[in-house]
Q: 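First the structure, which I've put down as structure tokens, then a few questions once you've had a look.
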Amino acid sequence: MAALNKNEIIELLNSNSDELFLTADTVRHENVGDEVHLRGLIEFSNICKRNCFYCGLRRDNKKIERYRLDEDEIIKTAEYGANLGYKTVVLQSGEDDFFNVKKLSKIIEEIKKFDVAVTLSIGEKTKEEYKELKKAGADRFLLRIETTDEALYKKFHPDMDFKNRVKCLYNLKELGYETGTGSLAGLPYQTIESLAEDILFYKKLNADMVGIGPFIPHPDTPLWGELNENNFNLALKMMAITRIIMPKINIPATTAMEVVNKEGRIIALKSGANVIMPNITNSSCKKKYEIYPGKENLNNKEDDYKNLLEEKIKEIGRTVAKDKGFRKK
Ligand code: SAM
Ligand code: SF4
């Protein structure tokens, strides 16, 4: 494992050489191989009690039309994903207390019958709640730290606590979840130093998955403004460095990358990524899950998108994995 220090990471983040991406691609090939893992994403509720400054689902956004899928719809969508051949289902939502541990456990237990891994991305819970969800069959959990700059974290999450977020991540690790974290790249006031600290944080946590996305401003949030085109490149560099430092983990080519750059996910796959999470939520809800603008144009028909994706994956000399894709030892 390449042990880059903070200054070396900063230097790489400031550089603009393609060598970084080529190195990350080689490290990816040598350590996790050429398979791409597809995880079917279900956005089951856009209701959120939090107020993150960057996110279109924040509770103070009164313009968004809110929805919740019912339990049956979630399970049916998961079955549809399993039938498409996805070996993991990712359940993502705002922090919506309607879906308490009892309801979620029932859903997870049903979905596990389709012989898929289950990943949760539902925000902060108590250790006891995470434990119950694990017992119900959840395998993985995604919880981005977003930024390790504590002052910036406080500024953009006025009613949340950075230390609790870190605690949640360590609780998830302790409970045996494959734990994913990650950051937004290009937030206002975010420094290159803090991005380097983010990468060192992933390593310290020994994260099993790291997802990094460019920050995309949303018009109905306090951080609305022009999209900084550099955010894509910054996210890509973060991802490539993470691959070099943590060669065997799973790294998604994130949706936000494709929103900013039409070929974004393929470029990411060639720069260190080995996972894609195609959206399998029904299209009317998919439109309402507007974290950031631009997402509505992506993968409208799930079957078509899957075929297109598989073609593109083959074109770049890669294959679609057939297993559940846990972290390589
Ligand atoms: N509520 C859960 C949570 O926050 O962990 C899961 C859903 S949340 C919408 C998933 C991720 O969306 C967040 O971790 C955040 O990094 C990302 N996100 C939110 N607003 C964004 C924006 N404007 N641009 C890019 N990514 C954004
Ligand atoms: Fe809610 Fe997650 Fe959006 Fe924050 S990032 S407002 S917790 S959905």
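Everything numeric here is computed off the predicted structure, so don't read it as measured data. We count residues from 1, following the sequence as given.
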Q: Under 3.5 Å, side chain of R318 to main-chain N/O of G33, donor-acceptor pair present?
A: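 Side chain of R318 to backbone of G33: no pair is present.
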Q: Check A136 against K112 and note the closest heavy-atom contact, atom names and distance.
A: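 Smallest heavy-atom distance, with atoms named: O-CG, 4.4 Å.
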Q: Counting heavy atoms not belonging to K173, are there more than 12 under 6.0 Å from its NZ?
A: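 Result for NZ/K173: enclosed.
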Q: Which pairs, with at least one residue in residues 117-145 and sequence neighbours excluded, count as a ring-ring contact (aromatic ring centres under 6.0 Å, His included)?
A: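 Counting only pairs at least two positions apart or across chains, the ring-ring contact (aromatic ring centres under 6.0 Å, His included) contacts touching residues 117-145 are Y130-F141, F141-Y177.
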Q: Is it true that, when you exclude K155 itself, more than 12 heavy atoms of the residues, nucleotides or ligands shown sit nearer than 6.0 Å to its NZ?
A: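 No - once you tally the heavy atoms of other residues, nucleotides and ligands closer than 6.0 Å, there are 12 at most.
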Q: Return the minimal non-hydrogen interatomic distance between P188 and F215, and the atom names on each side.
A: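 That would be CD-CE2, 3.8 Å.
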Q: Does D25 come within less than 4.0 Å of K270, counting only side-chain N to carboxylate O?
A: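 Between K270 and D25 there is no salt bridge, as every charged N stays at least 4.0 Å from the carboxylate O atoms.
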Q: For residues 236-248, which residue pairs qualify under salt bridge (charged side-chain N to carboxylate O under 4.0 Å, His left out), counting only residues two or more places apart or in two chains?
A: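 Sorted pair list comes back empty.
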Q: Would you call D115-K87 a salt bridge at under 4.0 Å N-O?
A: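 Yes, D115 and K87 are salt-bridged.
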Q: Provide the closest heavy-atom pair for I122 versus L91 in the form atom of the first, atom of the second, distance.
A: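 Smallest heavy-atom distance, with atoms named: CG2-O, 3.9 Å.
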Q: Is it true that K49 and D97 make a salt bridge, defined as a side-chain N closer than 4.0 Å to a carboxylate O?
A: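 Judged by the 4.0 Å cut-off on N to carboxylate O distance, K49 and D97 do form a salt bridge.
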Q: Would T126 and E129 count as having a side-chain donor-acceptor pair, cut-off 3.5 Å?
A: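 The criterion, which ignores hydrogens and geometry beyond distance, is satisfied for E129 and T126.
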Q: Between L309 and V36, does a side-chain contact (heavy atoms from CB on, under 4.5 Å) hold up when you go through it step by step?
A: CA-CA 10 Å; L309 197 60; V36 177; over 6 Å; no
Q: Look at the side chain of D139 and the backbone N and O of A117, then say whether any donor-acceptor pair between them is shorter than 3.5 Å.
A: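 No; judged by distance alone, with no hydrogens or angles, the pair does not exist.
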Q: Only pairs at least two apart or in different chains count here, so list each salt bridge (charged side-chain N to carboxylate O under 4.0 Å, His left out) that has a residue in residues 223-235.
A: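 Of all non-adjacent pairs touching residues 223-235, none passes salt bridge (charged side-chain N to carboxylate O under 4.0 Å, His left out).
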Q: Between the side chain of T221 and the main-chain N/O of P217, is any donor-acceptor distance below 3.5 Å?
A: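 It does not hold such a pair.
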Q: Does any N or O in the side chain of N250 come within less than 3.5 Å of the main-chain N or O of M209, such that one atom is a donor and the other an acceptor?
A: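 A pair under 3.5 Å: no.
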Q: Using modelled atom types only, decide if a donor and an acceptor are shared between the side chain of T77 and the backbone of T281 within a distance under 3.5 Å.
A: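 Pair absent, no side-chain N/O of T77 close to backbone of T281.
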Q: Looking only at the side chains, is there a donor atom on one of T147 and D149 sitting less than 3.5 Å from an acceptor on the other?
A: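 Distance-only check fails for T147 and D149.
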Q: Between F53 and H218 (judged by ring centroids, cut-off 6.0 Å), do the two rings come close enough to count as a pair?
A: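 Centroid separation for F53 and H218: 6.0 Å or greater.
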Q: For K204, which residues count as a salt bridge (Lys or Arg N to Asp or Glu O under 4.0 Å) partner, sequence neighbours excluded?
A: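 For K204 there are no salt bridge (Lys or Arg N to Asp or Glu O under 4.0 Å) partners, ignoring immediate neighbours.
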Q: Any ring-ring contact (aromatic ring centres under 6.0 Å, His included) involving residues 94-116? Give me the pairs, sequence neighbours left out, ordered by first then second residue.
A: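 Applying ring-ring contact (aromatic ring centres under 6.0 Å, His included) to every pair that reaches into residues 94-116, excluding sequence neighbours, yields F44-F99.
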Q: Can you name the salt bridge (Lys or Arg N to Asp or Glu O under 4.0 Å) partners of E73, sequence neighbours left out?
A: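 Not a single residue meets the salt bridge (Lys or Arg N to Asp or Glu O under 4.0 Å) criterion with E73.
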Q: May I ask you to check whether over 12 heavy atoms, not counting those of Y189, lie within 6.0 Å of atom OH?
A: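 Open.
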Q: Under the criterion side-chain contact (heavy atoms from CB on, under 4.5 Å), I'd like the reasoning laid out for V116 against T88: C-alpha separation, chi angles, the key distance, then a yes or no.
A: CA-CA 5 Å; V116 289; T88 294; 5.8 Å; no
Q: Can Y202 and S183 be counted as having a side-chain donor-acceptor contact under 3.5 angstrom?
A: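 There is such a pair between these side chains.
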Q: Enumerate the salt bridge (charged side-chain N to carboxylate O under 4.0 Å, His left out) contacts for residues 7-19, please, sequence neighbours excluded, ordered by first and then second residue.
A: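 Qualifying pairs: none.
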Q: Among residues at least two apart in sequence or on other chains, which ones pass salt bridge (Lys or Arg N to Asp or Glu O under 4.0 Å) with D159?
A: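 R59.
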Q: Let's go through V89 and T119 carefully: what are the C-alpha distance in whole Å and the side-chain angles of both, what is the deciding distance for side-chain contact (heavy atoms from CB on, under 4.5 Å) to 0.1 Å, and is it a yes or a no?
A: CA-CA 6 Å; V89 168; T119 304; over 6 Å; no
Q: Would you list the pairs meeting ring-ring contact (aromatic ring centres under 6.0 Å, His included) in which at least one residue belongs to residues 244-275, sequence neighbours left out?
A: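 ring-ring contact (aromatic ring centres under 6.0 Å, His included) check on residues 244-275 returns no pairs.
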Q: Look at E193 together with K6 and state whether they make a salt bridge at an N to O cut-off of under 4.0 Å.
A: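 No.
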Q: Any salt bridge (charged side-chain N to carboxylate O under 4.0 Å, His left out) pairs touching residues 32-43, not counting sequence neighbours?
A: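 The answer is R28-D34, E43-K295.
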Q: Taking it one step at a time, do D208 and R140 satisfy salt bridge (Lys or Arg N to Asp or Glu O under 4.0 Å)?
A: CA-CA 9 Å; D208 303 290; R140 310 190 182 109; over 6 Å; no
Q: Which pair of heavy atoms, one from I74 and one from I42, lies closest together, and at what distance?
A: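 Residues I74 and I42, closest heavy atoms: O-CD1, 3.8 Å.
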Q: Any luck finding a side-chain donor-acceptor pair between N61 and R66 under 3.5 Å?
A: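 There is no such pair between these side chains.
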Q: What residues form a salt bridge (Lys or Arg N to Asp or Glu O under 4.0 Å) with R68, not counting sequence neighbours?
A: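 Salt bridge (Lys or Arg N to Asp or Glu O under 4.0 Å) list for R68, sorted by chain: D96.
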Q: Indicate whether any N or O donor in one side chain lies under 3.5 Å from an N or O acceptor in the other, for Y86 and H37.
A: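 H37 and Y86 do not have a side-chain donor-acceptor pair below 3.5 Å.
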Q: When you measure from the side chain of N274 to the backbone of I251, do you find a donor-acceptor pair of N or O atoms at a distance under 3.5 Å?
A: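 Looks like yes, one N/O pair under 3.5 Å.
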Q: Write down the atom of A268, the atom of L236, and the distance for their closest heavy-atom approach.
A: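 Residues A268 and L236, closest heavy atoms: CA-CD1, 3.8 Å.
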Q: For the pair Q190 (side chain) and L187 (backbone), establish whether a donor and an acceptor sit closer than 3.5 Å, ignoring hydrogens and angles.
A: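 Yes, the answer is positive, given that a donor and an acceptor are paired below the 3.5 Å cut-off.
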Q: Under the salt bridge (Lys or Arg N to Asp or Glu O under 4.0 Å) criterion, do K312 and E263 qualify, and how do the steps go?
A: CA-CA 10 Å; K312 285 191 174 187; E263 290 302 313; 3.3 Å; yes
Q: So do the side chains of T242 and I249 get within less than 4.5 Å of each other, counting heavy atoms only?
A: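 When only atoms from C-beta onward are counted, I249 and T242 do touch, with a gap below 4.5 Å.
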Q: Run the salt bridge (Lys or Arg N to Asp or Glu O under 4.0 Å) check on K113 and E110 step by step: do they pass?
A: CA-CA 6 Å; K113 293 180 185 161; E110 288 302 315; 3.0 Å; yes
Q: Scan K106, K102, K76 and name whichever one has a salt bridge (charged side-chain N to carboxylate O under 4.0 Å, His left out) with E71.
A: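 For E71, the salt bridge (charged side-chain N to carboxylate O under 4.0 Å, His left out) test succeeds with only one of K106, K102, K76, which is K106.
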Q: Mind checking whether I108 and L120 have side chains closer than 4.5 Å, heavy atoms only?
A: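 I108 reaches L120 side chain to side chain.
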Q: Under the criterion salt bridge (Lys or Arg N to Asp or Glu O under 4.0 Å), I'd like the reasoning laid out for R327 against E178: C-alpha separation, chi angles, the key distance, then a yes or no.
A: CA-CA 8 Å; R327 180 185 184 171; E178 280 212 335; over 6 Å; no
Q: K306 side chain to L84 main-chain N or O, any donor-acceptor pair under 3.5 Å?
A: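 Yes.
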Q: To check you understand the geometry: which heavy-atom pair defines the closest contact between T254 and P214, and what is its length?
A: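 Scanning both residues completely, I find the closest heavy atoms to be OG1-CD, 4.4 Å.
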Q: Using side-chain hydrogen bond (donor to acceptor under 3.5 Å, both in side chains) as the criterion, list what pairs up with S121, not counting sequence neighbours.
A: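 Result, side-chain hydrogen bond (donor to acceptor under 3.5 Å, both in side chains) vs S121: Q92.
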Q: Around K314, counting heavy atoms of other residues, nucleotides and ligands shown, do more than 12 lie under 6.0 Å from its NZ?
A: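 Open: at most 12 neighbouring heavy atoms sit under 6.0 Å from NZ of K314.
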Q: Determine yes or no for a side-chain-to-main-chain donor-acceptor pair under 3.5 angstrom, with N51 supplying the side chain and R58 the backbone.
A: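 No: the side chain of N51 does not pair with the backbone of R58.
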Q: Determine whether M238 and L195 make a side-chain contact, defined as any pair of heavy atoms from C-beta on separated by less than 4.5 Å.
A: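 Counting from C-beta outward, M238 and L195 do come under 4.5 Å.
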Q: Report the residue from F156, F201, Y153 that forms a ring pair (Phe, Tyr, Trp, His ring centres under 6.0 Å) with F162.
A: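 Considering F156, F201, Y153, a ring pair (Phe, Tyr, Trp, His ring centres under 6.0 Å) with F162 is found only for Y153.
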